[in-house]
Number of protein chains: 2
Amino acid sequence: MRSRAVCAVMSDDELGRLSKLTQNQTYAPGEALFFEGDEAGACFIVQDGALKLYKLLPDGRRQITGFLFKGDFLGLSPKEEYGFTAEVLEEAHACVLPAERMDELIADYPKLSNRLLNLASMELASAQEQMLLLGRKTAQERIASFLLWLSQRAADRGEESNPVRVPMSRSDMGDYLGLTVETVSRSITKLKTTGVITLKEGNRIEINDPELMTAIAAGDGC
Amino acid sequence: MRSRAVCAVMSDDELGRLSKLTQNQTYAPGEALFFEGDEAGACFIVQDGALKLYKLLPDGRRQITGFLFKGDFLGLSPKEEYGFTAEVLEEAHACVLPAERMDELIADYPKLSNRLLNLASMELASAQEQMLLLGRKTAQERIASFLLWLSQRAADRGEESNPVRVPMSRSDMGDYLGLTVETVSRSITKLKTTGVITLKEGNRIEINDPELMTAIAAGDGC
DNA sequence: CGGAAGATTGAAATTACTCAAAAGGTGTGG
DNA sequence: CCACACCTTTTGAGTAATTTCAATCTTCCG
């Protein structure tokens, strides 16, 4: 139950109290924790599994705004409604913090507020990084950036980072990177052909030359 | 000195104390408050004027991640270094909060931390909106979305919202919307030709049909 | 008024998209 | 265990939106 990411600042005592306020839930792949537009009634701490967050345009175009893993926090909303849908990618467990409880909790534990501010600040920085990717990088650069990010996040969670497991479909990657499925596939094929990466068993990808990969991701590649 | 956006939660007493911890600065157009990679030494509250925030790729490609106006807050960084450059668009006044003072302040006024969390949460939501724009909208839709946003922000500050003043260059708009200057210009010309907007004196743009404009922005336009 | 920067317009090139089909994987049921 | 259906991924060919390169026009200051 203890989350490195959110609860690192809390004492065991505080954690004990926290656990009384929350309930654990299990979510199956394809299931939604909540939908864009739903009343923002709770926050969540991801215990394990993987989620995708996305927004839709009226005609169905989709933008995935983030992938979440073990330890990640979600659900804070500046409005009364959630601004995105949270859907399960791989079976997930999450603890649910009803909004009213969040308020009590924050009132009682000022440190928690600081911690959440810190997390929000990190998310904001990566959102800006993603804007740079979406606004100014080529397809090739986007794919390279994404695979490196995935690898880094796996490392942060203490999981194998190279080869890195890629739990999302090409379609999800496309909707995250502002590309079509076909372009994602072609870009990956090109990286494979040039020997920068190798596709492995079990949806894993080996980054053969991390330095070159980093250079490609930054547009310094060729 | 009193900022609606950041300081709304503080009492006059607290504001008095705050003013002792800060200093006011004036910045000229083109000047930078700080550069990407600089040590993150201070936070800022924009008193008036306009700023742009941007990130660069090694080869000079630029992504503007935000425009800031009166009342906006900036400078929180999850790392030791700023993640972007903050440059002045129109002469600005800002009050500067050295990082050490920020820590004291947050320790003394827990409400401030909550307020900052709330602001960060709003920024995060608009960052996600921007990802949708950059990843999935056409040039036309991006321009329409941007002009509506600009108009809304002006309204929030109590300024004239229609016609709306556009204080940034076509080049800045392009780097914010992930487009080239030429595409920005052509898209605006098209909106002008179809009668949805009218270009006015003093870099102002009139939105003749806000409903249609909103439809265009959402991709429901035609 | 003159010069420089910014904005617009035109034509050609390119990247990524669309449409289409084949190949590869996975799970179910015979 | 194989056959089939379904879904994802890959590959191919043609198209379209946006970029690039180039030139002209406008605006803004000194």
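Proteins get letters first, then strands, A, B, ... in listed order; numbering begins at 1 in each.
The NZ-P distance, from A:K200 to C:dG25, rounds to 16 Å in whole Å. What separates CZ of B:R204 from P of C:dA7 is a distance of 17 Å, to the nearest Å. Atom CG in B:L179 sits roughly 8 Å away from atom C1' in D:dT18 (whole-Å rounding). Atom CE of A:M173 is separated from atom P of D:dT10 by 9 Å (rounded to the nearest Å). To the nearest angstrom, P of D:dT18 lies 14 Å from NZ of B:K137. Atom CZ of A:R142 and atom P of C:dA16 are 7 Å apart (whole Å). Distance B:D172 CG to C:dG6 C1': 11 Å, rounded to the nearest Å. A:N203 places its CG atom 10 Å from the C1' atom of C:dG25, with the value rounded to the nearest Å.
By the 4.0 Å N-to-carboxylate-O rule, B:D172 lies close enough to B:R62 to be salt-bridged with it.
As judged by a 4.0 angstrom heavy-atom cut-off over every strand, A:T189 is placed among residues touching the sugar-phosphate backbone only. Across all strands, A:I188 comes closer than 4.0 Å to no nucleic acid atom at all (heavy-atom distances). Residue contacts shown for B:G202 are absent, as no nucleic acid heavy atom lies under 4.0 Å away. Contact annotation for B:S185: base contact, defined as any heavy-atom pair under 4.0 Å involving a base atom. Contacts of B:G178 with the nucleic acid, taken as non-hydrogen atoms under 4.0 Å apart, involve only primed sugar atoms and P, OP1 or OP2. Note on B:T183: a base of the nucleic acid sits closer than 4.0 angstrom, heavy atoms only.
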Trace of the side-chain hydrogen bond (donor to acceptor under 3.5 Å, both in side chains) decision for A:K137 with A:S145
CA-CA 9 Å; A:K137 289 189 182 179; A:S145 302; 2.9 Å; yes

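A donor atom on one side chain and an acceptor atom on the other are found under 3.5 Å apart for B:Y54 and B:E87.
Here CZ of B:R115 is found 11.0 Å from CZ of B:F73. Values are rounded to the nearest 0.5 Å.
Between A:R136 and A:K192, it is A:K192 whose nearest contact on DNA chain D lies nearer the 5' terminus.
Closest to the side chain of B:E182, out of D:dT10, D:dC21, C:dT8, is D:dC21.
A:R186 contributes a side-chain N or O that forms a donor-acceptor pair with the base of C:dT18 under 3.5 Å.
Stacking of B:R153 on the aromatic ring of B:F69 is not recorded, the 6.0 Å distance cut-off and the 45° axial limit not both being met.
Considering only side-chain N and O atoms, A:T180 lies under 4.0 angstrom from the phosphate OP1 or OP2 of C:dC17.
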